[in-house]
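Before any comments, here is the structure.
A note on names: the letters A, B, ... follow the listed sequences, proteins ahead of strands, and every chain is numbered from 1.
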Protein chains: 2
Amino acid sequence: MATLPAKPDMKDRILETADRLFYLQGIRAVGVDTIAAEIGISKRTLYNHFPSKDALISAYLARRFVAPRPSDKSPVEQILGTFDSLERRFSAKDFRGCPFVNAVAELGEDRSVRKVAVAFKESRRLWFRDLLAQLGVAEAEALATQLALLVDGSIAQDLVRNDPAMARAAREAAIVLLKNAGVKVGAADRQNKHTAKKRRSRSAS
Amino acid sequence: MATLPAKPDMKDRILETADRLFYLQGIRAVGVDTIAAEIGISKRTLYNHFPSKDALISAYLARRFVAPRPSDKSPVEQILGTFDSLERRFSAKDFRGCPFVNAVAELGEDRSVRKVAVAFKESRRLWFRDLLAQLGVAEAEALATQLALLVDGSIAQDLVRNDPAMARAAREAAIVLLKNAGVKVGAADRQNKHTAKKRRSRSAS
DNA sequence: GCCTAGTTACACAGGTCTGTGTACCTATTT
DNA sequence: AAATAGGTACACAGACCTGTGTAACTAGGC
């Protein structure tokens, strides 16, 4: 056997592979043997980097927890861009729903899994809320929750149906909710995704 | 051991118990031994009624597939009643998300599971669509999809957060969407929710 | 040249899971 | 009374799972 060079950090390779398999096939459905075999390493090496499968699961979920990046786009563009991004991801073959929701569904009782899942959902809701506050929306809290419902609803529907149109439906609904809250959604925001940034500051109507 | 009389059909008892355990703990997390032990029967008896665990899983999902019952209430009441019903179920201790979404998340590759999940989601969407058509909504198809997103979004959020307020948030969003489509939502529909006398049996979400 | 850290190959313990085989038991029916 | 249907008890095969133990190998740093 030729010895593999192991250029990138082994730990990263393990985590990356575990991430892919856990996400695509389910956490319980993938054993550590499978992960090791996929990389071509021995199971012993895997356990030298992660003390248990539970630790690997935690690392997997922590890795999936990425905070939304700050952007210089307008708040409306950022909000609607979320749904465009979803549509793109739904169209990819390897989309399999929200890893946090799936993990809770699979490992229901586990406290730590639930904790990180709640933190993730809340972080996205707060991101929506802050953008809405920038737009001067009075009920930013409530509307942010509703937008989060649309996001998770479209993810769940796409998981089952495999239909990227669910993202567009959510986007259309989001536009209705935004307008109802007094947010001006320009024609550019409705169709195009990369147009000039028009700053629209609103006061309460 | 005193011999148990087995009054109700054994098959029903097995299915009912499997349903409860599968739903609450996850399909992969529950073994046939556990199910048999919970009822107090031998594993052999279980396998005399269901040829395999897969057959039991199929029966479990088929049992959860309950079509919405026809109602004499107004379409608006029926639509909003869906969210009231969700709120009630979220408040119950034994709510653990949508069994079909959970099953797809757990058993992703399985074709038949996916098929029944799609059928269930579509049946509820069509139920919404027909109610909207009765209300003369022009874009009943699109709006029905959006309402379905709100339903599944609130279910996913509650699964993670355990917060029945997700159902109310979905309800408020639904009202905005309905009004935007020209539907008149009366004050009674907006507030009152204990006008219903009929007990609705469990439907699957 | 030598040491050390990381890796490999492989066996194995101990657990769980699905599914079967078999002999016995207990009602109900005929 | 006898036959039949359905249940029980229990062992077990075969697969898979997590996690460990161990001896040998390989590469880079000193």
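- Residue B/L56 contributes atom CG, which lies 10 Å from atom P of C/dT18 at whole-angstrom precision.
- In this structure, A/P51 and A/A29 both approach DNA chain D, and ranking their closest nucleotides by distance from the 5' end singles out A/A29.
- Salt bridge present: B/E87 and B/R168 bring a charged side-chain N and a carboxylate O closer than 4.0 Å.
- Between the CD1 atom of A/I35 and the C1' atom of D/dG19 there is a distance of 14 Å, rounded to whole Å.
- If you take NZ of B/K53 and P of D/dG14, they are 22 Å apart, rounded to a whole angstrom.
- Heavy-atom nearest nucleotides on DNA chain C were determined for A/K43 and for B/K43, and the one closer to the 5' end corresponds to A/K43.
- Look at B/R124 and B/D152 and you find a salt bridge, because one of the NZ, NE, NH1 or NH2 atoms lies within 4.0 Å of a carboxylate O, short of that distance.
- Atom CD1 in A/I27 sits about 16 Å away from atom C1' in D/dT18, given to the nearest Å.
- To the nearest 0.5 angstrom, A/I35 atom CD1 is 12.5 Å from A/E16 atom CD.
- The side chain of B/M10 sits closest to D/dG7 out of C/dT18, D/dG7, D/dT18.
- For C/dT7, one of the phosphate oxygens OP1 or OP2 lies less than 4.0 angstrom from a side-chain nitrogen or oxygen of A/H49.
- The distance between atom CG of A/D33 and atom C1' of C/dC12, rounded to the nearest whole Å, is 13 Å.
- Neither OP1 nor OP2 of D/dA9 sits under 4.0 Å from any side-chain N or O of B/S42.
- Among the heavy atoms of the strands lying under 4.0 Å from A/N48 is at least one base atom, whether or not backbone atoms are also near.
- Summarising the geometry, the separation between NZ on A/K11 and P on C/dA5 is reported as 17 Å, rounded to the nearest angstrom.
- With hydrogens and angles left out, the side-chain atoms of B/T82 and B/S85 include no donor and acceptor closer than 3.5 Å.
- In this entry the distance linking CZ of B/R28 with P of C/dT16 reads 18 Å, nearest Å.
- Taking the six-membered ring where tryptophan is involved, the planes of A/F120 and A/F65 are perpendicular, since the angle between them exceeds 60° and thus also 30°.
- Side-chain N/O atoms of B/R44 and base N/O atoms of D/dG7 include no donor-acceptor pair closer than 3.5 Å.
- The distance from atom OH of A/Y47 to atom P of C/dA9 is 18 Å, rounded to the nearest whole Å.
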